[in-house]
Amino acid sequence: MSDLILNILMLWERNGDYGLALTDQVGAEQSVYQPAGELNHPAWVLSHLNTYHETLEAIIHGHAVTDPKDAAFGMRSQPVADVKAYVSLPRLRDEFLWGHRSIADALRLAGPALLERQVPLERWQNWLPTMSAVLMNLMVWHETLHLGQLSAWRRAAGLPPVSILPIPNQP
Amino acid sequence: MSLEAPMTQYRFLRQYGEGLLADIDAEDAFRPVYENGHHPAWIIGHLATIGSRGIAMLGGQPPVDLEEWSPRFGIGSEPTNDAAGGPGWDDLIAAWRTTHDVADEVGREVSDALLNTPNPIERRRDTLPTTGDMAVFIFSSHEAVHLGQLSAWRRVQGRPRLF
């Protein structure tokens with residue numbers, strides 16, 4: 001397995017744990033709470049990231065890729081303070097966890113041919129010219145950026161901070 | 001082990017960060033937009049400090065004085081809402097940029113032998129066993145998570161999105 005894939009899998013695992021920790025014990029109404037301005041709240045962030053999990057699955061398995069920007073919780077969507085606009089947070093968390101595991105498994109099994117494939121969306125090709133760049137950006141930059149927004153949301157909501165790198169055996 | 005992939009990500013994060021910083025001036029940089037919030041000055045100072053730690057780990061010369069900067073910007077620090085007694089906004093941005101430049105160079109030259117040594121931060125070895133693992137984290141996810149906080153700071157104020 002290449003260093004790139006090993007690096008990505010390590011960081012992806014951190015993100016999976018972090019996303020769950022950031023949304024642990026967040027109630028239904030709280031999940032769509034916007035404590036300041038138009039902060040991205042947990043329901044939107046997980047809905048958005050789960051959308052991109054579907055994109056990643058398609059990419060890794062070599063299936064047709066639908067542009068996620070136009071999806072219900074894609075790039076063009078905005079968070080709304082309405083719990084009915086989202087599936088429940090427990091379900092979003094389950095889907096997030098499942099997506100993380102499924103994508104990690106698929107990436108471990110994918111051979112070197114994955115990195116040789118053409119970038120699947122034309123609009124990505126200028127700034128993500130290789131499949132390596134696509135995977136690194138979607139699985140590291142994009143997801144971690146949104147988890148950083150969630151960490152900011154927690155502070156604004158008055159919740160205790162959560163570290164992306166918790167120390168084992170410490171609360 | 002190679003740092004090529006995380007350093008490519010780090011270069012991308014610099015471009016992204018420059019976009020986030022483009023319309024932030026010194027007057028705003030030390031202003032949290034909610035109680036206990038991270039403001040741009042702390043975020044950029046923190047990234048320069050931790051990036052400098054990463055550089056030191058890889059055998060390079062850290063761009064910031066870690067003894068001086070760590071209390072204000074290191075792990076466990078909290079934002080202070082003015083620049084008094086610390087670096088100003090222009091100095092913070094310069095330090096962050098220099099950290100990126102130096103890390104890029106050091107990342108190209110570091111040996112496999114050094115990357116495979118145990119993580120010098122012992123308490124992190126469970127999750128990031130080697131120096132290379134720690135460097136991968138510092139120059140990708142760590143930078144991204146804090147830039148995410150910076151993007152959140154912008155959103156609260158209704159500043160334009162980059163994407």
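Every chain is numbered from 1 and lettered A, B, ... according to where its sequence line falls, protein lines coming before strand lines.
Among B:Leu128, B:Leu147, B:Leu3, the residue making the largest number of heavy-atom pairs under 4.5 Å with chain A is B:Leu128. Taking B:His146, B:Glu78, B:Gln15 one by one and counting their heavy-atom pairs under 4.5 Å with chain A, the maximum is reached by B:Glu78. Interface remark: of the candidates B:Gly37, B:Gly158, B:Ser151, B:Ser151 forms the most heavy-atom pairs closer than 4.5 Å to chain A. Listed options A:Gln78, A:Lys69, A:Glu143 were ranked by heavy-atom pairs under 4.5 angstrom with chain B; first place goes to A:Gln78. In terms of heavy-atom pairs under 4.5 angstrom with chain A, the leader among B:Ser2, B:Pro32, B:Gly132 is B:Ser2. With chain A as the partner, the residue from B:Asn36, B:Val33, B:Leu150 showing the most heavy-atom pairs under 4.5 Å is B:Asn36.
Checking each of A:Leu11, A:Asn137, A:Ile8 against B:Gln9 for a side chain to side chain contact (heavy atoms under 4.5 Å, CB included) leaves exactly one that passes, namely A:Asn137.
One finds the CD atom of B:Glu4 at 10.5 Å from the CG atom of A:Asn7 (value rounded to the nearest 0.5 Å). A:Leu165 contributes atom CG, which lies 8.5 Å from atom CD1 of B:Ile75 (distance to the nearest 0.5 angstrom). Between atom OH of residue B:Tyr16 and atom CH2 of residue A:Trp141 there is a gap of 6.0 Å, rounded to the nearest 0.5 Å.
Heavy-atom minimum distance, B:Ala152 versus A:Leu39: CB-CD2, 3.6 Å. Taking every heavy atom of both residues into account, A:Met136 and B:Ser140 meet most closely at CE-CB, 4.4 Å.
Side chain of A:Arg14 to main chain of B:Ser141: no donor-acceptor pair is present (N/O by atom type, distance under 3.5 Å, no hydrogens or angles).
With a 4.5 angstrom heavy-atom cutoff, B:Phe137 touches chain A via backbone and side-chain atoms both. For B:Glu35, the part lying under 4.5 angstrom from a heavy atom of chain A is the backbone only. Using a 4.5 Å cut-off between heavy atoms, B:Thr8 makes no contact with chain A at all. Contacts between A:Ile164 and chain B at a heavy-atom distance below 4.5 Å involve the side chain alone, from C-beta outward.
A chain of hydrophobic side-chain contacts below 4.5 Å, direct or via other Ile, Leu, Val, Met, Phe, Trp or Tyr residues, connects A:Trp127 to A:Leu121. Under a hydrophobic-cluster definition in which Ile, Leu, Val, Met, Phe, Trp and Tyr are linked whenever side-chain heavy atoms come within less than 4.5 Å, directly or via other members, A:Tyr52 and A:Val87 are assigned to the same cluster. Each of A:Trp98 and A:Leu22 belongs to its own hydrophobic cluster when Ile, Leu, Val, Met, Phe, Trp and Tyr are linked at side-chain heavy-atom distances under 4.5 angstrom.
The 12-atom threshold is not exceeded at CZ of A:Arg101, counting heavy atoms of other residues, nucleotides or ligands nearer than 6.0 Å. With a 6.0 Å radius and a threshold of 12 heavy atoms from other residues, nucleotides or ligands, B:Glu67 has its CD atom at or below the threshold.
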Query - side chain to side chain contact (heavy atoms under 4.5 Å, CB included) between A:Glu38 and B:Arg161, worked out - result: CA-CA 11 Å; A:Glu38 291 189 6; B:Arg161 297 166 64 171; over 6 Å; no
